[in-house]
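This chain uses plain numbering: 1 for the first residue, then up along the sequence.
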Amino acid sequence: MTGTSSQKLTSQEYPAIERDSDFKSEFFDGEMFAMGVISKRASRITVNLTGGFHAAIRGKDGELFSSDLRVKVSANGLYTYPDLTIVCGPVDVEDEQAVVLLNPTLIIEVLSPGTERYDRGIKFDLYRKLDSLKEYVCRG
């Protein structure tokens, strides 16, 4: 965690700090939270899901994105990197670099023992504020 309760970061400071960092981090309520290292098992699940979803949406009006693309929940200010994201229809991004997705239709999180409670609880509640979100899948 980079920020503290006495000195919170702004949503304008966060991208600049993260861009210069060696790791990805979530941002919420003025604080940055380093994202953990993915396990071999979680990586395998993500790859398998990517292949399946890629085949399923091929030729359809949808795009599949990996965890390299950040998602912002505008209603509450969460910035995060879901394991997989699908957008059906036009893709809406926050910035000219197109690194922040605003309208995911489907978000998939690959669970680990350390993230399951957060992903199924608080994070799901934050994601529910996305008007575009139709499905949220936690897989582990």
Tell me whether [X] contacts the main-chain N or O of [Y] through its side chain, where contact means a donor paired with an acceptor under 3.5 Å.
X	Y	result
Asp92	Asn103	no
Asp95	Val99	yes
Asn76	Leu126	yes

Co-members of the apolar cluster containing Leu106 [side chain, <4.5 Å] |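 ILVMFWY cluster around Leu106 also holds Ile45, Leu49, Phe53, Ile57, Leu64, Leu84, Ile86, Ile108, Val110, Val137.
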Could you state the interatomic distance from [atom1] ([X]) to [atom2] ([Y]), rounded to the nearest 0.5 Å?
X	Y	atom1	atom2	value
Ser43	Ile38	OG	CD1	5.0 Å
Ser132	Leu101	OG	CG	7.5 Å
Tyr14	Glu31	OH	CD	13.0 Å
Ser25	Tyr81	OG	OH	6.5 Å

Measure across Gln12 and Pro15 and return the closest heavy-atom pair with its distance rounded to 0.1 Å.
->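 Between these two residues, the closest heavy atoms are O-CD, 3.4 Å.
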From CA spacing to verdict: side-chain contact (heavy atoms from CB on, under 4.5 Å), Glu109, Thr115 | CA-CA 9 Å; Glu109 295 284 7; Thr115 66; over 6 Å; no
Which pairs pass salt bridge (charged side-chain N to carboxylate O under 4.0 Å, His left out) with one or both residues in residues 60-81, sequence neighbours excluded?
->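 Listed once each, the pairs are Glu18-Arg70, Lys24-Asp68, Lys72-Glu94.
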What salt bridge (charged side-chain N to carboxylate O under 4.0 Å, His left out) pairs are there with at least one residue in residues 34-51, not counting sequence neighbours?
->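 Listed by first then second residue: nothing to list.
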Give the cluster check for [X] versus [Y]: same hydrophobic cluster or not, with ILVMFWY residues linked at side-chain heavy-atom distances below 4.5 Å.
X	Y	value
Phe33	Ile122	no
Phe27	Val71	no
Met32	Val100	yes
Val73	Phe28	yes

Sequence neighbours excluded, which residues qualify as salt bridge (charged side-chain N to carboxylate O under 4.0 Å, His left out) partners of Arg120?
->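 Per chain and number, Arg120 pairs via salt bridge (charged side-chain N to carboxylate O under 4.0 Å, His left out) with Glu116.
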Among all residues two or more places apart in sequence or in another chain, which pass the salt bridge (charged side-chain N to carboxylate O under 4.0 Å, His left out) test with Asp29?
->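 Residues passing salt bridge (charged side-chain N to carboxylate O under 4.0 Å, His left out) with Asp29: Lys8.
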Any non-hydrogen side-chain atom of [X] less than 4.5 Å from a side-chain atom of [Y]?
X	Y	answer
Ser74	Leu102	yes
Leu69	Thr85	no
Pro104	Phe65	no

Carefully, step by step, assess Met35 and Phe23 under the rule side-chain contact (heavy atoms from CB on, under 4.5 Å).
-> CA-CA 7 Å; Met35 297 184 70; Phe23 54 87; over 6 Å; no
What ring pair (Phe, Tyr, Trp, His ring centres under 6.0 Å) pairs are there with at least one residue in residues 121-140, not counting sequence neighbours?
->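 Of all non-adjacent pairs touching residues 121-140, those that pass ring pair (Phe, Tyr, Trp, His ring centres under 6.0 Å) are Phe124-Tyr136, Tyr127-Tyr136.
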Return yes when atom CG of Asp20 has more than 12 non-hydrogen atoms of other residues, nucleotides or ligands closer than 6.0 Å, and no otherwise.
->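 Enclosed.
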